[in-house]
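Structure first, commentary second.
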Amino acid sequence: MAEATASPNDLPDGLAACLAAGPSTLVLTGAGVSAESGIPTFREAQTGLWARFSPADLATPEAFADNPQRVWDWYRWRRGLIRDGGPNAAHRAVADLQAALADCRVVTQNVDGLHQAAGAAGVAELHGNLWRERCAGDCGFQREADAVGDGPPPECPDCGALLRPDVVWFGETLPMAALEAAERALAAADLVLVAGTSNLVYPAAAIPEQALAAGLDVVEINPDTTPLSTRAAHRLAGPASAWLPAIAAAARAA
Ligand code: OAD
């Protein structure tokens, strides 16, 4: 599957015509876009992260309070995968699409920072970023980490509480700035590309729903079906690393 390719000629006519008009575009991405960088998705039956590890043990405030070392070990393991994998053709294509279109905004559920590593700008990160660390207490300290890290959980240099990855855990609210950026992107959009997400986790999954309700062109890019598949205007079945470059090429040629 990683070998699959598509060309602009493979795009459905309606989508090609839409891209030729230089649409304001919202790209919503999920774990599938990073799958070909070697980073497991969450919900795939055998390989998905949640098939191997329970969210309750690793991605909740309670898990962190109970065993911060285990939570940090998990996020550091994922940092290592991200560092080793780097951005793939799908991430690069999203950056290319931004360069080709006057208005193309990226909203992601991914915490890996790989869109930015590929050159995308202004990415709204709905679930945070695991390369950022913040005080788990209430002093407000925050810093960027460029190393994977090891050893005991890091401590806040300001107040001595533990630092935690600046990601959204189950039961937590999403960052307001990212939610507002997503709302603005949706309000401006003619075209919504939904790539590599199971469309199961809200509020992110509400974005394509709202786009459909507003009558926008919604395109799904995913090798598998999701609750969105039968309602999207176009379903591009296959890997994001094949379809997003074809879309970016069509937008560039317009
Ligand atoms: P999921 O693991 O739920 O879904 C990944 C989707 O990517 C699936 O629908 C796969 O079919 C698809 N996929 C796999 N390989 C692909 C490829 N090469 N190209 C395109 N699509 C591919 O991941 P998300 O939808 O991102 O939240 O999950 C949403 C949230 O649930 C995550 O942000 C995470 C998780 O629990 C938190 O941790 C808070």
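Both counts, for ligands and for their atoms, begin at 1 and track the order of listing. Remember, it's a predicted structure, so these values are computed and weren't measured experimentally.
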Are [X] and ligand 1 in contact, using a heavy-atom cut-off of under 4.0 Å?
| X | result |
| --- | --- |
| V201 | yes |
| W243 | no |
| G48 | no |

How does [X] reach ligand 1, by side chain, by backbone, by both or by neither, if only non-hydrogen atoms under 4.0 Å count?
| X | value |
| --- | --- |
| H127 | side chain |
| A59 | neither |
| V168 | backbone |
| W169 | neither |

> Do any nitrogen or oxygen atoms of A31 lie less than 3.5 angstrom from nitrogen or oxygen atoms of ligand 1?
Replying inline: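 Among all N and O atoms of A31, at least one is under 3.5 Å from an N or O of ligand 1.
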>> So, regarding S198 and ligand 1 (criterion: nitrogen or oxygen to nitrogen or oxygen, under 3.5 Å), is there a contact or not?
In response: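 N/O-N/O distance below 3.5 Å exists for this pair.
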Nearest non-hydrogen contact with [atom] belongs to which option: [options]?
| atom | options | answer |
| --- | --- | --- |
| atom 8 (C) of ligand 1 | N222, I221, T41 | N222 |
| atom 28 (O) of ligand 1 | E125, E172, E220, R43 | R43 |
| atom 16 (C) of ligand 1 | G32, S229, A90, A237 | G32 |

>> Any side-chain to backbone donor/acceptor pair from W131 onto D146? Under 3.5 Å, distance only.
In response: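 Absent.
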> Quick one: do W243 and L114 end up in the same hydrophobic cluster if we chain Ile, Leu, Val, Met, Phe, Trp and Tyr together by side-chain heavy atoms under 4.5 Å apart?
Replying inline: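 Not linked; separate clusters.
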>> Between L236 and L28, is there shared hydrophobic-cluster membership here, with clusters defined by ILVMFWY side-chain heavy atoms closer than 4.5 Å?
In response: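 No, no single cluster joins them.
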Just jot down the ligand 1 atoms closer than 4.0 angstrom to any heavy atom of [X], in number order.
| X | answer |
| --- | --- |
| E36 | 17 (C), 18 (N) |
| D224 | 11 (O) |
| A240 | 17 (C), 19 (N), 20 (C) |
| P239 | 17 (C), 18 (N), 19 (N) |
| G196 | 5 (C), 6 (C), 7 (O), 20 (C), 21 (N) |
| G30 | 26 (O) |

Closer than 4.0 angstrom, basic N to acidic O: yes or no for [X] and [Y]?
| X | Y | answer |
| --- | --- | --- |
| R164 | E172 | yes |
| D150 | R76 | no |
| E133 | R79 | yes |
| E44 | R52 | no |

> Would T29 and Q109 count as having a side-chain donor-acceptor pair, cut-off 3.5 Å?
Replying inline: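 No.
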>> Would you compute the distance between atom CG of L101 and atom CZ of R105 and round it to the nearest 0.5 angstrom?
In response: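 With rounding to 0.5 Å, CG (L101) is 12.0 Å from CZ (R105).
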>> What verdict does the side-chain hydrogen bond (donor to acceptor under 3.5 Å, both in side chains) test give for S241 and H91, after you've listed the backbone C-alpha separation in whole Å, the side-chain angles of each residue and the deciding distance to 0.1 Å?
In response: CA-CA 8 Å; S241 63; H91 301 107; over 6 Å; no
> For E220 and S229, what are the C-alpha separation, side-chain angles and deciding distance, and is it a side-chain hydrogen bond (donor to acceptor under 3.5 Å, both in side chains)?
Replying inline: CA-CA 7 Å; E220 178 170 66; S229 303; 2.6 Å; yes
